[in-house]
Amino acid sequence: MAKLYEEKTTPPDLNKNTEWLMYPGVWTTYILIVFFWWLVVLSVSGCSLGAAWTVVNLVHFAITFQFFHWTKGTPFAEDQGVYNNLTWWEQIDNGKQLTRNRKFLTVVPLVLYLIASHTTDHQKPMLLLNTIAVIILVGAKCPNMHEVHLLGINGDRWPASAPLEDHDR
Amino acid sequence: MVRLPYLTALTTLFSYGLLFAFGQMRDFFRKILDLWKSKNLQGYAPICLGLEDFYTRRLYLRIQDCFNRPIAGAPDAWIDVVERYSKDSNKTLHRTSKINKCINLGSYNYLGFAAADEYCTPRVIESLKQYSPSTCSARVDGGTTKLHAELEEVVARFVGKPAAILFGMGYATNSAIIPALIGKGGLIISDSLNHNSIVNGARGSGATVRVFQHNSAAHLEEVLREQIAEGQPRTHRPWKKIIVIIEGIYSMEGELCKLPEIIAVCKKYKAYTYLDEAHSIGAIGKSGRGVCELLGVDTADMDIMMGTFTKSFGSCGGYIAASKEIIQHLKNTCPAHFYATSMSPPAAQQVISAIKVVLGEDGSNRGAQKLAQIRDNSNFFRSELHKMGFEVLGDNDSPVMPIMLYNPAKIPAFSRECLRRNLAVVTVAFPATPLLLARARICISASHTREDMIKALEVISKVGDLVGIKYFPVEPQKHLTDKIQKKLE
């Protein structure tokens, strides 16, 4: 009966959009969801194992790219828009790089790529798509890419407001 | 410290993922369908960026009937809740004329002053006739009546500080005072679970804000040492002043703050302390003087003590109690004193009468009875809930007890099932609480009788079984009903 309950003290991450990452079970849920969708794709389409993993990899690429690296800001208005220029990836762990969560989220697309290319026996058309997906995803998660927008894609629509005047008491 | 079963964490994350996915899909299709409709913005910018109100549109509106319920009477131990219906799945709600009488576990009515009181109400009506409902003026212009001056003295005497200043609104007290006390070049260190009013006041002040782990004096010391050593950002000059802001009872957790340890740390590093006693003044302590009395801390060690009259005194407004010099400074600089309308005179009279009852100065011992009653009620309710297997937060003696729900679907389930059985509870979800930790917050009052509480416990137990929130093992049922019968006798 010992480890039936997880004990957690409330973490001081103020960004309500990302502080749920500190709780137990997040990584397991992520892996379980990916696995679950692989089973669904297999049962619905009846294609080969490799094709199912490729589909899962590509859909995973589309969804995680959209939500981690494209949409900026938070889905609620309570924080008054202080994170409006940061994507979700840039917001997590208060912007600190190379934390455990970030390393885990970088490893997942790599592992998916390895599984997808192995089960398709590295065949030509699918290998190319999988490789592009993994290069974009892992590249976007590099610490050097923090707040960098290549070619101005998805850059700041509204530049940060000018600093307030200096009121010296 | 929250304990949640691992499986519950997994299912809660999965539920939120599912809700998020559905919301995004609906938004996606809405965007496509709206491409054909013309946008008649006429050159104006849209009010909301697409993502900002996602939570409101796709999650909150679905369970909107659990919040903002209109009431039709005073929030006593029993409350009249107006029934509402919706024809478009909760996007708009319409009131009916039907009223449900429910046991009230949601109002901050700690000492039972919210409804008519034999000592307070006649005096309030008299002051209403004499002074009229509003002073129609700011304090500094024509809004300081005899009642305001008397209330400031009474509050200062009650709390144990030399002087006090009043404001018409509790939230505005925090958000207007903190900018008047500290500005750019100062440092505010606030507890991670502080109330939104403190967060807004700190943001509005322009000072640098740092957060320390909830109730952890060790982490506070770490943050203080780091910040004092580093100084102001970029210039590294010493900070102009440092204020540490904490609360007496944290309203979402129901737990007391570790006051003696935190005060010791602040004294060691010469930081000022600001204590927000919104929920603890009048409700805890032997004579109701709040968390300082309960934990044995000398009020001279706290620099600024803030509180509200809405919770224990059945009125509205807030106060700040501090030394004469600080109060004089606030009266000369605080914008809420200059520009905000002063507290309503009948409301001030209500607080004066309520404090007199609590202190026993009305000639009876009703005050002491109420304080003993709320302590007994809270401890009884909390222990019974524990025995039923619920996860209840909060320390002993605290009248606020959140029952953990976790899963997002259990929030409307618990709320609606309780309302169906004539029990009014308040449920709180993300973003007021962390994502995984949705809860139903119960506030016990001194006006709840044993029968009320036992009825409420039965309802909560039944609904808890239905909804599935008894996460911990239950004591055998037979002994429980026997014990309740014994307690009734």
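In what follows, chains carry the letters A, B, and so on, assigned in the order in which the sequence lines appear, proteins first and then strands, with residues in each chain numbered from 1.
Heavy atoms of other residues, nucleotides or ligands lying less than 6.0 angstrom from CZ of Phe22(B) number 12 at most. More than 12 heavy atoms of other residues, nucleotides or ligands lie within 6.0 Å of NE2 in His122(A), so this atom counts as buried by the packing criterion. Remark: Phe104(A) CZ is packed, more than 12 non-hydrogen atoms of other residues, nucleotides or ligands lying under 6.0 Å away. Counted within 6.0 Å of CD1 on Ile47(B), heavy atoms from surrounding residues, nucleotides or ligands total 12 or fewer; the atom is thus considered open.
Closest non-hydrogen pair, Gln24(B) versus Phe67(A), comes out as CD-CE2, 3.3 Å. Heavy atoms only, all atoms of each residue included: Leu51(B) and Thr71(A) are closest at CD2-CB, 4.2 Å. Taking every heavy atom of both residues into account, Phe14(B) and Thr29(A) meet most closely at N-CG2, 4.0 Å.
Contact of Ala432(B) with chain A is made through the backbone alone, with heavy-atom distances under 4.5 Å. Contacts of Asn215(B) with chain A are absent, with no heavy-atom separation under 4.5 Å from either backbone or side chain. Contact annotation for Ser190(B): neither backbone nor side-chain heavy atoms come within less than 4.5 Å of a heavy atom of chain A.
Here the OH atom belonging to Tyr16(B) is positioned 12.0 Å from the CH2 atom belonging to Trp20(A), to the nearest 0.5 angstrom. In this structure, CD on Glu19(A) lies 8.0 Å from CG on Leu436(B), to the nearest 0.5 angstrom.
Side-chain contact between Glu52(B) and Phe76(A) is absent, with no heavy atoms from C-beta onward closer than 4.5 Å.
Listed in order of number, the residues of residues 54-63 of chain B that approach chain A to under 4.5 Å between heavy atoms are Phe54(B), Tyr55(B).
Residues passing the side chain to side chain contact (heavy atoms under 4.5 Å, CB included) test with Val40(A) are Phe36(A), Trp37(A), Val44(A), sequence neighbours excluded.
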